[in-house]
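Contents: one structure, followed by commentary.
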Amino acid sequence: TFTCYNKPSCLKRIVLQALTSTLPWAMALSEVECTCICCHDTGSISGYGVCPLCEGLGFSSGLPDPGKASETPLPKSGQRNVLITAALPYVNNVPHLGNIIGSVLSADVKARYCRSRGYQTLFIGGTDEYGTATETKAVAEGVTPREICDKYHAIHKQIYKWFNISFNHFGRTSEPLQTDIVQAIFRKVHEAGWLETRTVQQLYSQGLDRFLADRFVEGTCPHCKYPDARGDQCDKCGALLEPTELLEPRCKVTGTKPVLRSTEHLFLDLPGLEERVRELVERSSRSGAWTSNAVSVTSSWLRDGLKHRCITRDLKWGVPVPLQGFEDKVFYVWFDAPIGYISITAACTDWEKWWRSPEDVELVQFLGKDNIPFHTVIFPASLLATGDCWTFLKHISVTEYLNYEDGKFSKSRGVGVFGNDAQNTEIPADVWRYYLLSIRPEQSDSQFRWTDLAARNNNELLKNLGNYCHRVLDLLAARCSGCVPIPSEAGLKEAQELGKELKAAVASYVEHLEKARLRDGLRVVLSVSSIGNAFLTKSEPWKRLKVDVESAHTHLAAAAGLVRLLAALLAPFLPTTAGLYLQYLGLDAEDGKLSDELLEAVVAPHLLLPQGHKLGPRSKPVFGEITSKQVDIFRQRFAGAQDVSVSSNAIAAGA
């Protein structure tokens, strides 16, 4: 069986039952004829379970989507033009929930918000495919680096589709465009005199008969004494390292102690570029309201003085260095990878219009805290060194770490929920989006807890948001013939008081989203539904309909208008849920956009929907309860050494 959302006629979660064969999740590579047990429509599933009826597991097609990436835009003079990037994950593993909230999901909310506000918005992402991370994974799996990239790029792409991430383009750094643009930038930097050749001592494996790139070396961190630090970075204390700094180094492949030998590499003259980088950072961090962790880490780099940075590596898998004497080397991934944002843009549109328009384009970047200096120092320095005109970073939104039940995510030990695991829990994608965004680690590390996920789903989504919207829609269907009643002077005072509360909430929401304070913005959405529930409780329109029809109609018109507002506010965060509420209201995607007209009209919520407007199909509850029994099963399932016998049938039985 494969869990998915069917076409909108079903309007509920369903299970597609294979008719011809049953294949394991990750092995569904041939087409499988299926039927929907909800509406009995037939279709086929191929690849990683992508159903043509619903365009992917957990992705509901056909619903109004105000933040959808419907085209690849170009910047327009005189308008807000926003270029949004999500950090490019290494293509050597399945992304876990911390990876997802750290960049792609957070960037998606911002992109959907910007589109809904009418900004020209380009949202790009992709997989970082070159470097030692890929080579080491290929060695571990006994395949070629290209095979690793093809495998994990497909997995990443499918997982992000299930989470409803609205990339304009999701690309790869191993494409020919990447090579062309990286080498072109390198030539400019070299011609401008910002590179120097240095002879360095590098670790050499006699067993492999090759120099070892940083990730092929492991050892003890010289700072915190962590015994399994990598040659480029310590995962425990976060220190950036050179392989030769490790204590008791060992070859990752053979486990033997490497020896030191001389080799030549190219270094970027960061000290010479330091003042220009400093000016850029000071200007951008002020105007772009950088997150505090981005400011802190970048300031420490500049305070300590920038050092020459090696930009080449002794590897085979990477962008070749186009310079005589360096033909057997490739570019270091952190010179090459950020340029991937440019090449991925080039794969879908005229990249120069976005990346060479600093006066017209705002660059907004989302990433985890371990990637800060590469985005705020090394990438800008590389572009500055070309002497060309570039669109530089304006706003950077950096998350701390998301931990799992007081520990760390570990694919090898089966600890934690990874992207493909989330799909198999049969918890809807929007619930996952909501929970991850509500605990987004913005100021400090945060914890994923199953009990917390269930509590937030049951109390905030089901009993607050879902309860309000369903009560209003059901009242209108049952007592007003499925139409928006005509408001009048009766009940107007209460509607206007409601409008004042909504105006303040909407202003707060816009301020938070503009500054990428996503968790605070989501809290505002929940406060709006709480305001709605309080309004219903106080006005009791179901009782007033018996004694004061006119005031009851005004109150119900205001309550229905608030549902429209909630759908618009929700759309960047929970696009499928927002789409369902818009469809129940009989509205389209345009009606769900956060237009200036809508935001100004909230002071009169009773007028947010046309008088007598006919609603869409009869509403059904959007959210379901997650029981304590299900929580216990999930905690056992993802606690380590995962027990495959804990099936989806067992989880369903806990309902």
Side-chain angles (χ1 to χ4, degrees), residues 69 71-88 107 110-111 114-115 119-126 128 167-173 175-195 268 270 273 275-288 290 311 319 322 331 334-367 374-396:
E71 60 181 19
T72 302
L74 288 172
K76 293 183 179 179
S77 180
Q79 292 192 23
R80 244 343 247 282
N81 303 294
V82 186
L83 172 58
I84 299 173
T85 70
L88 309 179
K110 179 69 173 182
C114 290
R115 295 187 192 112
Y119 309 155
Q120 291 291 101
T121 306
L122 182 67
F123 173 29
I124 59 164
D128 178 6
F167 294 113
N168 286 95
H169 185 66
F170 184 73
R172 318 174 63 167
T173 62
E175 299 290 349
L177 269 172
Q178 173 77 352
T179 298
D180 294 342
I181 294 175
V182 169
Q183 290 183 342
I185 288 175
F186 165 77
R187 290 188 181 98
K188 285 284 188 78
V189 175
H190 184 252
E191 290 166 4
W194 293 108
L195 298 174
L268 179 63
L270 287 178
L273 295 161
E275 282 309 307
R276 294 193 221 178
V277 172
R278 188 186 303 276
E279 291 172 7
L280 176 64
V281 167
E282 290 177 353
R283 182 173 64 252
S284 296
S285 61
R286 285 197 304 268
S287 64
W290 287 14
I311 66 166
V319 175
F331 287 109
W334 275 114
F335 178 80
D336 148 56
I339 298 172
Y341 296 130
I342 300 173
S343 71
I344 290 170
T345 305
C348 66
T349 187
D350 186 341
W351 71 270
E352 295 199 50
K353 286 187 173 2
W354 285 101
W355 285 96
R356 293 190 185 278
S357 301
E359 299 301 320
D360 293 328
V361 175
E362 303 170 32
L363 174 58
V364 182
Q365 299 195 284
F366 288 81
L367 51 135
F374 305 111
H375 286 77
T376 62
V377 175
I378 296 176
F379 182 39
S382 301
L383 299 182
L384 285 168
T386 66
D388 292 335
C389 176
W390 294 98
T391 300
F392 288 106
L393 172 66
K394 178 177 182 180
H395 180 78
I396 184 170

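- Between F379 and F374, the ring centre distance reaches or exceeds 6.0 Å.
- The structure places CG of L393 at 11.0 Å from CZ of R283, a figure rounded to the nearest 0.5 Å.
- Under the 3.5 Å distance criterion, the side-chain polar atoms of T386 are matched with a main-chain donor or acceptor of D388.
- Of all heavy-atom pairs between S343 and I181, the closest is CA-CD1, 3.7 Å.
- Closest approach of A381 to L270, counting heavy atoms only: CB-CD2, 3.5 Å.
- Going from atom CG of D180 over to atom CD1 of I339 covers 12.0 Å, rounded to the nearest 0.5 Å.
- Closest heavy-atom contact between L280 and P380: CD2-CB, 3.6 Å.
- Shortest non-hydrogen contact noted between T376 and V281 is O-CG2, 3.7 Å.
- Rounding to the nearest 0.5 Å gives a distance of 9.0 Å between CG of L384 and CH2 of W194.
- Between the side chain of S357 and the backbone N or O of W354 there is no donor-acceptor pair closer than 3.5 Å.
- Neither side chain, E362 nor N81, offers a donor N or O lying under 3.5 Å from an acceptor on the other.
- Annotation: side chain of K110 is in contact with side chain of F366 (closest heavy-atom distance under 4.5 Å).
- Checking side-chain atoms of N168 against main-chain N and O of F123 turns up a donor-acceptor pair under 3.5 Å.
- A donor-acceptor contact under 3.5 angstrom links the side chains of Q365 and T85, judged on distance only.
- Q183 contributes no side-chain N or O that, together with a main-chain N or O of Q178, makes up a donor-acceptor pair within less than 3.5 Å.
- Looking at heavy atoms from C-beta onward, P358 lies out of side-chain contact with F392 at the 4.5 angstrom threshold.
- The line from CD1 of I185 to CG of D336 is 10.0 Å long, rounded to the nearest 0.5 Å.
- P73 has its side chain within reach of Q120: a pair of non-hydrogen atoms, C-beta onward, lies under 4.5 Å apart.
- Counting heavy atoms from C-beta outward, L195 and I311 have side chains that approach closer than 4.5 Å.
- Side-chain rings of Y341 and H375 approach one another, their centers coming within less than 6.0 Å.
- Using cut-offs of 30° and 60° for the angle between ring planes, the F186 and H190 rings count as parallel.
- Put simply, CD on E279 and CZ on R276 are 9.0 Å apart, with the number rounded to the nearest 0.5 Å.
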Quick one, W351 with L177, criterion side-chain contact (heavy atoms from CB on, under 4.5 Å). Give me CA distance, side-chain angles, the key distance, then yes/no. CA-CA 11 Å; W351 71 270; L177 269 172; over 6 Å; no

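- Within the 4.5 Å cutoff, the side chain of T72 has no heavy atoms near those of the H169 side chain.
- Between the side chains of W290 and S284, not a single donor N or O lies within less than 3.5 Å of an accepting N or O.
- When all heavy atoms are compared, the tightest approach of A87 to L367 is CB-CB, 3.8 Å.
- Using a distance-only test at 3.5 Å, with no hydrogens or angles considered, a donor-acceptor pair links the side chain of W390 to the main chain of L383.
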Evaluate I378 against F335 for side-chain contact (heavy atoms from CB on, under 4.5 Å), listing each step before the verdict. CA-CA 7 Å; I378 296 176; F335 178 80; 5.8 Å; no

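- To the nearest 0.5 Å, the span separating CG on D360 from NZ on K76 amounts to 13.0 Å.
- Side-chain contact between I124 and I84: absent, with no pair of heavy atoms (C-beta onward) separated by less than 4.5 Å.
- Using a 4.5 Å heavy-atom cutoff, the side chains of L122 and V82 are not in contact.
- Counting only heavy atoms from C-beta outward, the side chains of W334 and S382 never approach each other to under 4.5 Å.
- With respect to the salt-bridge test (charged N to carboxylate O, under 4.0 angstrom), the residues E275 and R278 qualify.
- Counting all heavy atoms, side chain and backbone alike, C389 lies closest to R356 at O-NH1, 3.2 Å.
- Checked by atom type and distance alone, the side chain of T121 pairs as donor or acceptor with a backbone atom of Y119 at under 3.5 Å.
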